[in-house]
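Naming: A, B, ... by sequence-line order, numbering from 1 per chain.
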Protein chains: 2
Amino acid sequence: MVKLRDIAEETGYSISTVSKALSGKGRMSEETRNTILSVAKQLGYTPDFYAKSMASKTKILVIGLIVPDITNPFFAYLTRGVERACGESCLLVLMDSFRSLHREEQLIRTARFYGVNGVIVGNSRVNDELINEISKYVPVVIFDKECKCENVVSIVMDNYYGAYLATKHLVENGCKNIVHFGGTQELYVSIQRAHGYETAVKESGLESHIARIGYTFDDGYKAAKKLLSVGKTFDGAFCMNDLVALGVMKAIKEEGLKVPEDVAVVGFDDDKQLCEVTVPSLSSVRQPVEMMGETAGKAIIELINGHSNAKKIIFSPSLIVRDSSLRGG
Amino acid sequence: MVKLRDIAEETGYSISTVSKALSGKGRMSEETRNTILSVAKQLGYTPDFYAKSMASKTKILVIGLIVPDITNPFFAYLTRGVERACGESCLLVLMDSFRSLHREEQLIRTARFYGVNGVIVGNSRVNDELINEISKYVPVVIFDKECKCENVVSIVMDNYYGAYLATKHLVENGCKNIVHFGGTQELYVSIQRAHGYETAVKESGLESHIARIGYTFDDGYKAAKKLLSVGKTFDGAFCMNDLVALGVMKAIKEEGLKVPEDVAVVGFDDDKQLCEVTVPSLSSVRQPVEMMGETAGKAIIELINGHSNAKKIIFSPSLIVRDSSLRGG
DNA sequence: AGGCATTTTAGAATGGTTTCTAACAATATT
DNA sequence: AATATTGTTAGAAACCATTCTAAAATGCCT
């Protein structure tokens, strides 16, 4: 490994002069600088990152981002948002827990030993104590979870409002019998979305019908199939997420009904790849995921730099209307 | 920031003793160790990663992964594969170029200044000179591109074979008139796939018809629509990727034809989210993306450690048959 | 008690850079 | 010609942990 001293010996200048020539900070004769630069290039000098970080007061920020599954579009967009906030000024270390809670906890626990200056946790399953524990050492930004510790910023989405929006939209499009294909009750977001749905339905004088199912294409397909096979018809479906919605749509088509004419369908998450590509295209509630990621990035940088105040940042979703819920007239 | 000296002053022991107590390496009385450990905990000591890395000879490996767009499932799976290879032994720094060639070049150029020990480039657009240049300083693994430099490992997919497989499959399912909805000619993979298609078609005594379009849902939709509107019918479609295939399928349906009865369709990439969720589900050529990522990770680690021989690693695709290409009898 | 072996602790060098201060040389001012 | 001014370069301290070597302290033996 070529170091400053090697260049100093080769050129005959001192180490400090070489350092300044390469960093371009101090002033010196053009000749000296050019000599040093060319020798440095010739020798293939690469600065030692660790030595550099240690010597300079402004160490490069390293941000750890822990996600349960980078192949899930939600987390991919989140990551991209964080990347955007990082820009040139900090390094993003990605840690994927492969959906293993154990590995996730391990990552959180060990992140700080890897020189990470702050941690963004893109998931809400880890328990509060762990967050409490590590936030003593390293600032933390966490999603969809409220945390009262110092040094922790929560970023949450208003799931209640998103569900409310979607359901109201179905009502406005003439639906009288709206079913909510929802998630299991353990997950906080499921509860919130179901709650938003219920509020909207009751407000409109309609009856609420919640099918607690799950989060996959198959879950949606089977649940809708079951309902339709026992003659339980409906003319609107508000679904937990886009995959469930697509499953429901498949079942509807198989029963000879049409979307949106017979049943209007709305999903959640607005996975563009998915929503814009199906026939008919799928209406969905959009979370500003990338923006949330960017906000998380900015928040952690502020926390690290010691001047942050926000403890909780709430984002509002918006409804993206496509063909699956639009009936003319 | 609490450092070893603070603990040394607090306990009255020397810095070296404190260091050894915390690392658990040298031998010392239980009492001393316990005292030091408890004071360290009380003070909230966190070792300085940079100082640690510099002092100890075994610096932690840092691998840079440059992708053009993490929200693209291909790169998300690639990333996951690399993560898997990293395990506990190295840190993965993710760099997203946001599809900007300029930014990508910049990232490649500056990666080594961030203390990255090796770089994986998940994209083939950058020019050879740049790769050449940086491979002088840092080992490189690159995808879908052959590079003759020392210090560079290429990982390539046999696109020719994938296209051949898909086309043969269509022939076996009774297609007599197969169109290839392909990509532009600048991209190496497009050329390869078109080539594989042509070989299979000619081998089967059929005529070749290549539509050079692009890579999006819309591209596929418009191209198929155009063909069908001028009465150019076909009974098989091998598409550049899954999105194009879905666009083609939409056009076919709109013209009152059925998939797969009237036209059998095969895509490329096997984006599971997409393929399994459409009606009918889409047959597609699968690239072992995650495996390729894992291989890339292992290769870069070997390169960094100085014992690598492989210069080019070739992966074979496989065909995943679903409903869109299966006709009974 | 003196000498030896063994355990425990301290001191100093090391890693590669940055940055402050001081020294030096060259030019300009009086 | 002596001093002031400016521009260049060298030297040394600092960053913080590791690790090697040497010294001090302890215990044991004769």
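- Atom CE in B:M54 sits about 8 Å away from atom P in C:dG16, given to the nearest Å.
- Side-chain atoms of B:D69 do not come within 3.5 Å of backbone N or O of B:R99 as any donor-acceptor pair.
- Within the nucleic acid shown, A:S16 comes within 4.0 Å of at least one base atom, counting heavy atoms only.
- Rounded to an integer number of Å, the gap from CD1 of B:I7 to P of D:dT18 is 11 Å.
- Which of D:dT18, D:dA10, C:dT17 sits closest to the side chain of A:Y13 comes down to D:dA10.
- Distance alone, capped at 3.5 Å, places no donor-acceptor pair between the B:S19 side chain and the B:I15 backbone.
- Heavy-atom minimum distance, A:C90 versus A:L61: CB-O, 3.1 Å.
- For B:L4, the listed nucleotide lying nearest its side chain is D:dT18; candidates were C:dT18, D:dT18, D:dC15.
- Rounded to a whole Å, the CG atom of A:D6 is 12 Å from the P atom of C:dG15.
- In the set D:dT19, C:dA10, D:dA10, the nucleotide with an atom closest to the side chain of B:T17 is C:dA10.
- What separates CE of B:M28 from P of D:dA25 is a distance of 16 Å, to the nearest Å.
- Between A:E294 and A:K298 there is a salt bridge, with a side-chain nitrogen of the basic residue lying less than 4.0 Å from a carboxylate oxygen of the acidic one.
- You'll find that the side chain of A:T32 is closest to D:dT9, out of D:dC15, D:dT9, C:dT17.
- For the pair A:L22 CG and C:dG16 C1', the interatomic distance rounds to 13 Å; values are reported in whole Å.
- The nucleotide whose nearest atom lies closest to any side-chain atom of A:K20 is, among C:dT17, D:dT18, C:dT19, C:dT19.
- Across all strands shown, A:S19 has heavy atoms under 4.0 Å from base atoms, whether or not it also approaches the sugar-phosphate.
- Taking atom CD1 of A:I15 as the reference point, atom P of D:dG11 lies 10 Å away to the nearest angstrom.
- Comparing C:dT7, C:dT9, C:dG16 against the side chain of B:R27 picks out C:dT7 as the nearest.
- Within the structure, a side-chain polar atom (N or O) of A:S14 is placed less than 4.0 Å from OP1 or OP2 of D:dA10.
- The CD atom of A:E31 sits 13 Å away from the P atom of C:dA26 (whole-angstrom rounding).
- Of all nucleotides listed (C:dT17, C:dT8, D:dT8), D:dT8 comes nearest to the side chain of A:S29.
- Under 4.0 angstrom from either OP1 or OP2 of D:dC16 there lies at least one side-chain N or O belonging to B:K3.
- One finds a side-chain N or O of B:Y45 lying less than 4.0 angstrom from the OP1 or OP2 phosphate oxygen of D:dA17.
- Rounded to whole Å, the distance from NZ on A:K52 to C1' on D:dA14 is 18 Å.
- Side-chain N or O atoms of A:R103 include one that pairs as donor or acceptor with a backbone N or O of A:D96 at under 3.5 Å.
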